[in-house]
Visitor: 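Have a look at the structure that comes next, please.
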Number of protein chains: 2
Amino acid sequence: MRVTIADVARAAGVSKTTVSRVVNGKADVDRSTAYRVREVIAGLGYVPSSGAVGLARGSSRTVGMLVPSLTWPWMGELLQGVVDTVEAADYGLLLFTCNRGAESVRRFTGQVSARAFDGLVVVEPENTLGHLTALHRAGLPIVLIDDRGHHPAFPSVVTTNYEGGASAARHLRDSGRTRPLVVTGPQDFGCVRDRMRGFGSVLPTGLVAHGDFTERGGRLAVEQLLASGAEFDSVFAHNDISAVGALRALHAAGRRVPDDIAVVGFDDIPVARHIEPPLTTVRQPTRQMGETAARMLLSHLGGTAVPDEPVVLPTELIVRRSAP
Amino acid sequence: MRVTIADVARAAGVSKTTVSRVVNGKADVDRSTAYRVREVIAGLGYVPSSGAVGLARGSSRTVGMLVPSLTWPWMGELLQGVVDTVEAADYGLLLFTCNRGAESVRRFTGQVSARAFDGLVVVEPENTLGHLTALHRAGLPIVLIDDRGHHPAFPSVVTTNYEGGASAARHLRDSGRTRPLVVTGPQDFGCVRDRMRGFGSVLPTGLVAHGDFTERGGRLAVEQLLASGAEFDSVFAHNDISAVGALRALHAAGRRVPDDIAVVGFDDIPVARHIEPPLTTVRQPTRQMGETAARMLLSHLGGTAVPDEPVVLPTELIVRRSAP
DNA sequence: CTGAAAGCGCTTACAG
DNA sequence: CTGAAAGCGCTTACAG
C-alpha cells in the first residue's frame with residue numbers, strides 16, 4: 001500500500017501538519033522533531049502524492065509542451081533543451097501534439113481547463129495563434145518558440161531571421177555570386193518574409209520560387225526555373241530540407257555544386273552535414289531556443305515578470321562545401 | 001475563477017453527485033436532469049480538474065515515458081508513435097530523460113512514487129534495467145521498447161534483430177559478396193549479438209571490427225581494417241550512423257561504393273536516404289514500435305492482461321545504391 | 001432516479 | 001514550536 005502523510009505522522013508521533021512542514025522545509029520546527037520525522041520518512045520511503053499536493057496548492061508543478069510534430073528534424077534538439085531545463089527545476093513535462101487537427105486542439109484545450117499543467121511552451125501548430133491568445137488571455141502562462149513573425153501578445157523566443165538571410169546573402173556576394181535564386185518557405189510565415197527581406201537587403205532577389213519547406217517543393221522549384229531557362233549562380237533555400245531538394249534537382253540537371261551553382265540552406269539539421277556536398281547553412285540555435293523558452297516560462301511561474309517582446313537568439317552561418 | 005463541480009451543481013439545482021454522474025456518463029440519471037446539467041456545463045465551460053479526479057480515483061490518467069535522449073535520429077518517430085496512441089486514448093504523456101545520470105534517475109523515481117503517472121513506456125537508458133525491474137516489482141506497469149536482448153521480466157516490444165542481420169547477409173550474398181566486414185555496436189547489447197548471429201548464419205564473419213554506434217566508431221573501424229591490409233568486399237554496420245562513418249572512411253581511401261565495396265546499415269534513419277550513395281539498410285519499424293508499446297501499456301492499465309514475452313515487430317530490408 | 005457524507009492525500013490559516 | 005480543522009475538487013458507497 002501507498003505510504004501517506006498520515007502514516008508518517010502516526011509513526012513519528014506528530015501531526016500531519018508537522019510532517020508537512022518538515023517535508024516542505026518550513027522553519028519553526030524543533031530540530032529534534034524534524035530529525036525524527038525525517039528518519040521515519042526515510043524508513044517508510046514516503047514521497048508526497050503529486051496529485052494531492054497539486055490539488056491542495058492549486059498548481060501541478062508541471063509544464064505543458066505543445067508541438068505540431070515530433071518528427072521534424074530539429075524538434076529533438078528543441079525538446080531536449082526544454083526537457084533538460086524543466087527537469088532541472090523539478091517540474092514535469094506534459095507533451096502534446098496537434099497531429100490530428102481540430103480534434104487534437106479540442107482535447108488539448110480540455111487539458112488546459114483541467115489544470116493539468118501550470119504553463120505552456122509551444123511551437124505554434126498552424127492556425128492556432130488565435131486559440132493560444134485566448135488561452136493566454138484566460139490566464140495561462142505561455143511562451144512561444146519561433147513566432148513565425150506573427151508577433152503574438154505573449155512572450156516568445158525567436159531567432160534572427162532577417163540577419164540570417166542577410167548573412168547568407170553576404171556570404172554568397174563575397175564569394176562572387178550575384179544572381180541568386182531564392183526558394184522560399186510558405187509565404188504566410190513571418191520568418192519567411194524576414195529571411196527574404198534580410199537576404200534582399202544585400203543581394204537583388206529577382207528570381208524567387210515559392211516553396212513549402214519540403215524536399216519536393218525545393219526540387220520542383222529549381223526544376224521549373226531551370227526549365228524556364230532562367231540564369232542563376234546560386235540558390236538560397238529557406239530551410240535545409242528544400243535545399244536538399246534543390247541539390248537533387250541541380251544534380252539531376254547536370255549542374256555542379258558549388259562550381260556552377262552555390263547552395264545555402266537554413267536550420268542546420270543533421271542531414272546538412274551528411275549530404276553531398278555538405279550544405280552551407282544558417283544555423284538556428286534550436287536547443288538553446290528550447291532552453292530559453294523553458295527558463296522564461298519557469299521564471300514567470302516563479303513570479304518573475306517576463307518581457308512581452310520577443311527574446312532574440314542569433315543565427316550563425318555554417319560554411320560547408322555547397323557554398324565555400 | 002475556476003468553475004467547479006459545485007458551481008455546476010448549484011446552477012443546475014442538483015447535487016454534486018448527480019453532476020459527477022452526468023459527466024462520467026453513468027446510467028440512472030433522468031434524461032431531462034442530465035440534459036439540464038449538460039446545458040449548464042456547456043454554458044459555464046466546466047471541465048473537471050484532472051488533479052482532483054486523479055486524487056479521488058487514485059489514478060492520474062497519465063502515462064510516463066522515459067528515454068535516454070531525445071536527439072537520437074529515430075527517437076522522434078518512436079515518440080510520435082507513443083504520443084499519438086496515448087492521446088487517442090485520452091491519456092496524458094509525461095516525458096522524462098536520463099540525461100544527467102544518477103541525479104535524473106533519482107528524480108525520476110521520485111515521480112514514480114509520487115504517482116504522477118499510472119504506467120511507463122521506456123526506451124532503456126543504460127544500466128537502468130535493475131532499477132526498472134524494481135519499479136515493476138513494486139507494482140508499476142511498464143512496457144519496454146527495444147530490450148537490447150536483455151529479456152526483462154516485464155512486457156516489451158522488440159524487432160527482429162536476428163532476422164534483420166540475416167536479411168542483410170542474404171542480400172549481400174545474393175549480389176555476389178562473400179567477404180564481409182562487420183562493424184558491430186556495443187558488444188554488451190543483446191541486439192548487437194542478435195544482429196551478429198543472424199548475419200553469421202548466412203555469411204562467414206571472419207572480419208569483425210567493434211564499433212560503438214557512432215559515426216566516428218564506424219570510420220575508425222574501417223580505417224584500421226583498410227590499414228591492416230585485410231580484404232573485404234562489403235560492410236555490414238550495426239546501425240546507420242556507423243555505416244555513415246564507414247562510407248566516409250571508404251571514400252577517403254578511394255574505394256568506390258558499391259563497385260568495390262557494398263555497404264549495408266541498420267535502422268533507416270533520415271540520413272540514410274540523403275547520404276551519397278543512399279544507404280541500403282535494415283529498417284526498424286520505429287514508429288510502430290512506439291504505437292505498439294503504448295497500446296500494450298494502455299490495455300494493461302485497462303485491465304487486460306499483457307504477455308510477458310516480447311512482442312516482435314519485423315524489420316525490412318530497404319535496398320538503395322550503396323548495396324544494390 | 002437522487003443526495004448527504006465520507007474520503008482521496010495533501011496544505012494552510014488559525015489558535016494556542 | 002505544534003496541532004485540530006477546514007478546504008482543494010472530485011468520486012463513491014450508502015441510504016432513500
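All chains are named by letter (A, B, ...) in the order of the sequence lines, taking the proteins before the strands, and each is independently numbered beginning at 1.
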Visitor: To the nearest Å, give me how far apart CG (A:Asn24) and P (D:dT2) are.
Guide: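 Roughly 16 Å, once rounded to whole Å.
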Visitor: Please determine whether a side-chain nitrogen or oxygen atom of A:Thr18 lies at a distance below 4.0 Å from atom OP1 or OP2 of D:dG3.
Guide: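 For A:Thr18, the contact criterion (side-chain N or O under 4.0 Å from OP1 or OP2 of D:dG3) is met.
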Visitor: CG of B:Asp7 versus C1' of D:dC8: gap in Å, rounded?
Guide: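 Atom CG in B:Asp7 sits about 13 Å away from atom C1' in D:dC8.
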Visitor: Would one find a side-chain N or O of B:Ser15 under 4.0 angstrom from OP1 or OP2 of C:dG3?
Guide: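 Looking at the OP1 and OP2 atoms of C:dG3, one of them is under 4.0 Å from a side-chain N or O of B:Ser15.
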Visitor: Quick check on DNA chain C: between A:Ile5 and B:Thr33, whose nearest nucleotide comes earlier from the 5' end?
Guide: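 Final value for this comparison: B:Thr33.
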Visitor: Take the protein atom CG of A:Leu55 and the nucleotide atom C1' of D:dG9, then report the distance between them rounded to whole Å.
Guide: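 About 5 Å, once rounded to whole Å.
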Visitor: Is the shortest heavy-atom distance from the side chain of B:Leu120 to the side chain of B:Met65 under 4.5 Å?
Guide: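 No, every pair of side-chain atoms sits at 4.5 Å or beyond.
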Visitor: As a test of reading the structure: which of C:dC10, C:dT2, D:dT11 is closest to the side chain of B:Asp30, going by heavy atoms?
Guide: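 When the side chain of B:Asp30 is considered, C:dT2 is the closest of C:dC10, C:dT2, D:dT11.
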Visitor: Side chain of A:Arg2, heavy atoms from C-beta onward: which of D:dA4, C:dG9, C:dT11 has the nearest atom to it?
Guide: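 Nearest to the side chain of A:Arg2 among the choices is C:dG9.
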Visitor: If I take atom CZ in residue A:Arg10 and atom C1' in nucleotide C:dG9, what distance separates them, rounded to the nearest angstrom?
Guide: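 Rounding to the nearest Å, CZ of A:Arg10 and C1' of C:dG9 are 13 Å apart.
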Visitor: Counting the benzene-type ring for Trp, do A:Tyr91 and A:Phe117 have ring centres under 6.0 Å apart?
Guide: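 No; A:Phe117 has its ring centre 6.0 Å or more from that of A:Tyr91.
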Visitor: If you only use heavy atoms from C-beta on, which nucleotide in C:dG9, D:dC1, D:dG3 is closest to the side chain of A:Thr17?
Guide: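 Shortest atom-to-atom distance from the side chain points to D:dG3.
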Visitor: Between B:Ala56 and A:Val19, name the one whose nearest nucleotide on DNA chain C is closer to the 5' end.
Guide: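 In this pair, the answer is B:Ala56.
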Visitor: Are the side chains of A:Thr159 and A:Met289 in touch, meaning some heavy atoms are under 4.5 Å apart?
Guide: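 SC-SC contact between A:Thr159 and A:Met289 confirmed.
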Visitor: What's the NZ-P distance between A:Lys16 and D:dG3, to the nearest Å?
Guide: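 Distance check: A:Lys16 NZ to D:dG3 P gives 13 Å.
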Visitor: Where the side chain of A:Lys26 is defined as all heavy atoms beyond and including C-beta, which of C:dT12, C:dG9, D:dT2 is the nearest nucleotide?
Guide: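 The answer is C:dT12.
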Visitor: When both hydrogen-bonding distances must be under 3.5 Å and the geometry is Watson-Crick or G-U wobble, what is C:dA4 paired with, if anything?
Guide: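 With both distances under 3.5 Å required, C:dA4 matches none.
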Visitor: Rounded to the Å, how far apart are B:Arg57 CZ and C:dG9 P?
Guide: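 Those two atoms, CZ and P, are 16 Å apart.
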Visitor: Do A:Val122 and A:Val143 come within less than 4.5 Å of each other through their side chains, counting heavy atoms only?
Guide: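 SC-SC contact between A:Val122 and A:Val143 ruled out.
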Visitor: Provide, to the nearest angstrom, the distance between the CZ atom belonging to A:Arg61 and the P atom belonging to C:dC10.
Guide: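 It works out to 16 Å between those atoms.
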Visitor: Touch check for A:Val23, heavy atoms < 4.0 angstrom, all strands: base, sugar-phosphate only, or nothing?
Guide: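 The residue A:Val23 makes no contact with any strand.
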Visitor: Take the protein atom CZ of A:Arg21 and the nucleotide atom P of D:dA4, then report the distance between them rounded to whole Å.
Guide: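 Distance check: A:Arg21 CZ to D:dA4 P gives 11 Å.
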Visitor: Salt bridge check: are B:Asp7 and B:Arg2 linked by an N-O gap of less than 4.0 Å?
Guide: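 No, B:Asp7 and B:Arg2 are not salt-bridged.
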Visitor: If you look at every strand shown and take non-hydrogen atoms under 4.0 Å, does A:Asp28 touch a base, only sugar-phosphate, or nothing?
Guide: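 Since a base atom lies under 4.0 Å of A:Asp28, the category is base.
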